[in-house]
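Here the structure is laid out as structure tokens; the discussion comes afterwards.
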Amino acid sequence: MRCLFATSLLVASLAGHVYGHALSDGTVSRRKSLGFGPVHPHEVYKSSPYQIQTNGFLPMGSHVEPFKVARAFLDDLLKDQLSSGNQYRIRKDSYTDKNTGVTHVYVRQVVNGLEVVDGDININIKDGMVLSYGNSFYTGATDIEQVAGPHDRHPHREYCQQLATEFEGRLAQVQQYAGAQMPMGSGQEHLDLVEPLAHIHSSNCLFTELPYEMPIKSQDDLDPRNALLQFMIAATPKSEVAQDILGNYDAHLGKISVSETNHFADPDSHVTFSLDNIPDTVNPVKAHLAHIQVPSKTGDSTELNLIWKFEVEMQDNWYEASVSAAAPHRIVSVVDWASDSPMPVHGQDSAHPLPSPSKLATYNVFGWGINDPSEGKRSIQKENLDSLASPIGWHSLPFVNDPAMQSVRFSKPTEFFRNTTSTWGNNVFAHENWEGQNGWVQNYRPDAGDSKAFDFKYKPKETNRSDALDEAKKYINATVTQLFYTSNMVHDLYYRYGFDEVSGNFQQYNFGRGGKENDAVIANAQDGSGYNNANFMTPPDGQNGRCRMYLWNTANPYRDGDLEAGIVIHELSHGLSTRLTGGPANSGCLGWGESGGMGEGWGDFLATVIRASGNYSDYAMGSWAANREQGIRNFIYSLNDTLNPSTYKTLDKPGYWGVHAIGEVWAEILWVALYELVEKYGWSETLFPPAPSEDGTIPEGDFYRKAEVDAFGKKKPLIPKHGNTLMVQLVFNGMKLQPCRPSFFDARDAIIQADQVLTGGENFCALWKGFAKRGLGPDARVEGRTPWGGGVRTNDYDVPRVCRD
Ligand SMILES: *[C@@H]1O[C@H](CO)[C@@H](O)[C@H](O)[C@H]1NC(C)=O
Ligand SMILES: *[C@@H]1O[C@H](CO)[C@@H](O)[C@H](O)[C@H]1NC(C)=O
Ligand SMILES: *[C@@H]1O[C@H](CO)[C@@H](O)[C@H](O)[C@H]1NC(C)=O
Ligand SMILES: *[C@@H]1O[C@H](CO)[C@@H](O)[C@H](O)[C@H]1NC(C)=O
Ligand SMILES: *[C@@H]1O[C@H](CO)[C@@H](O)[C@H](O)[C@H]1NC(C)=O
């Protein structure tokens, strides 16, 4: 900590150096975000059905209902563990995938009546057979002393120590450069190297040794207020808020109101509390008592700690945090739902009859596939009415699901669906957010009137620096239109690859197809809370996702992130990966380390595969917005390992500590694997499957292989014909198969299993070859994982024996 002051000064002057001659007011905003949690040494993901069978669990026959299979499997798997104090609950957000027929069952451990927040099992079942499962259930004794346990581990402290070491290392690197002449354009890299760490470090870890450790004597003393205030000290990005809490601790404590929330309808939920008057939050905090696992002293198993689990919605973060109930200064784990995430078949709502589609809207935008303004011109594009993905188009939604129609709800409109002429619909609400505030319903959005022709001028001019922001704002109609168009295209595309209602997609109304509703994406254009970035918040299914796009002050005129499709796609893909991994109701599965990194990587991969064409090219992320040919990652995405040398072991390097750096390694690995499939099956110029026929069936077109029927006369899942479409499908299906908190190995194995399920394993060797090219072969290893994703890795460039020729 001793270098904090010097550090802050250096960072300030670096910022001055880089942006001193820049256009803007010099505002450089970086969101503070915490993410860490205990390692689970016993966590497994078994993706070989043969292995599962040799362990003694035999397939039950394809007629057996999948949830029955799940229960039988769980009772077998946990037979030595289950007791009156150690149980499980099958979550209601489990579902059956319509295309693959795989049922994804999500299970939560319950010990002595309280959930274990990291005790997760996911089981993938098809035709009576368990295909794969992940298991992180606590395996120790449950007759534990609940309150006065030995709280040896303190992940928050470990995290801060690691942060300090990392930070000092990078600082040394920067200081080396500081003497030398800085090459043009390199300032940003140096800033990237230290600034985010400095920010987290100074505002968070400074306070880890608090004078406010208050051991709790009995369970009656358990009080969520202490734990929450302690968490806020660490979480707030504003040092004045942290200081104020510290200085007026008892006053803050006294102001907090606690009320109990009852859930009559939802048996999945626990007794929860709602805490209000919490500094720096934007909504009351939800809290409930639970267990979490921390590594035991020997390191090979876990112990349970009693914690308060909080959901804390702040301006720039939406945290799911576990704070020790006995020692409230100990933050045990924290996941930021903001990223830089039903039983449909039974008892679903009956769908309301759909209106015949109204007149289609048109948009003057950079069309799908044009990544940014440097790649093409705007043209008039049509509302892409996909009768499967968006049955009522992009500009309709039921009155009852319309947040702007709260009062109308009670006056009972005669019509069910409301048609809009603005950027407001069932999948996306898009608008400006210049104030950078949380409110959004009343924000300005373009209205095209009855013509529904969203044709707005976009001609930003070079201005004086002080006018650059006003100049950018003049084109808000065009930018919001673009953001709305891109976001709806992403909704429809992802829908067709299986991100549908039951798997947790973002829609206000779900057409009676299951899943939770009232969670369209709130898309803020030109969000005033920052510059030169973008972010996405993914709460669990049934709560709106929130995408914030910023202006980039990297050029004159300013560049508008809304116009760079790759950035929008990257952000929306956080919603995809968070909802698909570990089930729609669990947004805590991609919080830090390798899993958090892959959350970034999938976004880069999808953004890149969407813009790519049959003529191979390398691509950089964010290069237009950042005004930098190399983009915003360390390397461009390339098959050439001189241009992109990333391998699995790259994660060991200094500077590969944050999720974005980890993510680009994962995206690169997927990029290389993609081209193994492209070599085999060629390239489809469109990623969009054909529109359904009148009778609802999906024609194969040139997109799918000719549909086959199985031995029982049942139609087999449709298989995309080309390499790029197949890879995207396998990546989506893999996300559904993989466990909560997946490692690179788990995600790789899930993709290989997705191919087994879809094609019968045709690409087993092609996929392994792709992964092995970047070190992720079958014998790749990691030793000594840490709460933030550290460890020592070994590459394996070999393929499995059966694939060697
Ligand atoms: C919305 O448009 C549809 C299709 O044109 C029409 O059937 C319906 O009546 C409209 N709804 C309202 C409330 O006007
Ligand atoms: C920029 O500012 C200068 C001095 O204030 C003024 O003379 C000039 O006209 C301005 N240029 C633009 C494009 O606004
Ligand atoms: C946006 O479009 C509306 C409606 O066509 C128009 O009245 C308004 O002036 C436009 N705003 C800007 C900033 O051009
Ligand atoms: C690929 O490049 C060739 C040669 O420039 C061009 O003729 C062809 O249209 C391109 N194909 C695609 C799919 O862009
Ligand atoms: C990879 O890129 C390097 C640097 O641009 C180049 O020298 C080399 O020829 C490339 N290798 C291949 C196989 O294209």
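What you see is a predicted model; the values in this text were computed from it and never measured.
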Check whether the ring centres of [X] and [Y] lie less than 6.0 Å apart, and answer yes or no.
{"X": "Phe688", "Y": "Tyr497", "result": "no"}
{"X": "Phe499", "Y": "Tyr494", "result": "no"}
{"X": "His722", "Y": "Tyr704", "result": "no"}

Exercise for review: Report the residues that fulfil side-chain hydrogen bond (donor to acceptor under 3.5 Å, both in side chains) with Asn419, sequence neighbours left out, ordered by chain and then residue number.
Suggested key: Ser396
Do the side chains of [Y] and [X] get nearer than 4.5 Å, heavy atoms only?
{"X": "Val480", "Y": "Leu483", "answer": "no"}
{"X": "Arg108", "Y": "Asn586", "answer": "yes"}
{"X": "Phe454", "Y": "Tyr485", "answer": "no"}

Point to revise | cation_pi(Arg89, Tyr106) dist<6.0 Å, angle<=45 | key: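 No, Arg89 does not lie over the aromatic ring of Tyr106.
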Revision key, fill the gap. Residues 716-741 vs salt bridge (Lys or Arg N to Asp or Glu O under 4.0 Å), sequence neighbours excluded, gives Glu43-Arg741, Asp97-Lys736, Asp120-Arg741, Asp702-Lys721, Glu708-Lys716
Practice item. Indicate yes or no for a side-chain donor-acceptor contact from Glu432 to the backbone of Tyr444 under 3.5 Å, with no hydrogens or angles considered. Key: yes
Practice item. State which residue, out of Asp500, Asp519, Asp93, fulfils the salt bridge (charged side-chain N to carboxylate O under 4.0 Å, His left out) condition with Arg579. Key: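 For Arg579, the salt bridge (charged side-chain N to carboxylate O under 4.0 Å, His left out) test succeeds with only one of Asp500, Asp519, Asp93, which is Asp519.
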Point to revise | salt bridge (charged side-chain N to carboxylate O under 4.0 Å, His left out) partners of Glu311, counting only residues at least two apart | key: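 If we apply the salt bridge (charged side-chain N to carboxylate O under 4.0 Å, His left out) test to Glu311, skipping adjacent residues, the hits are Lys286.
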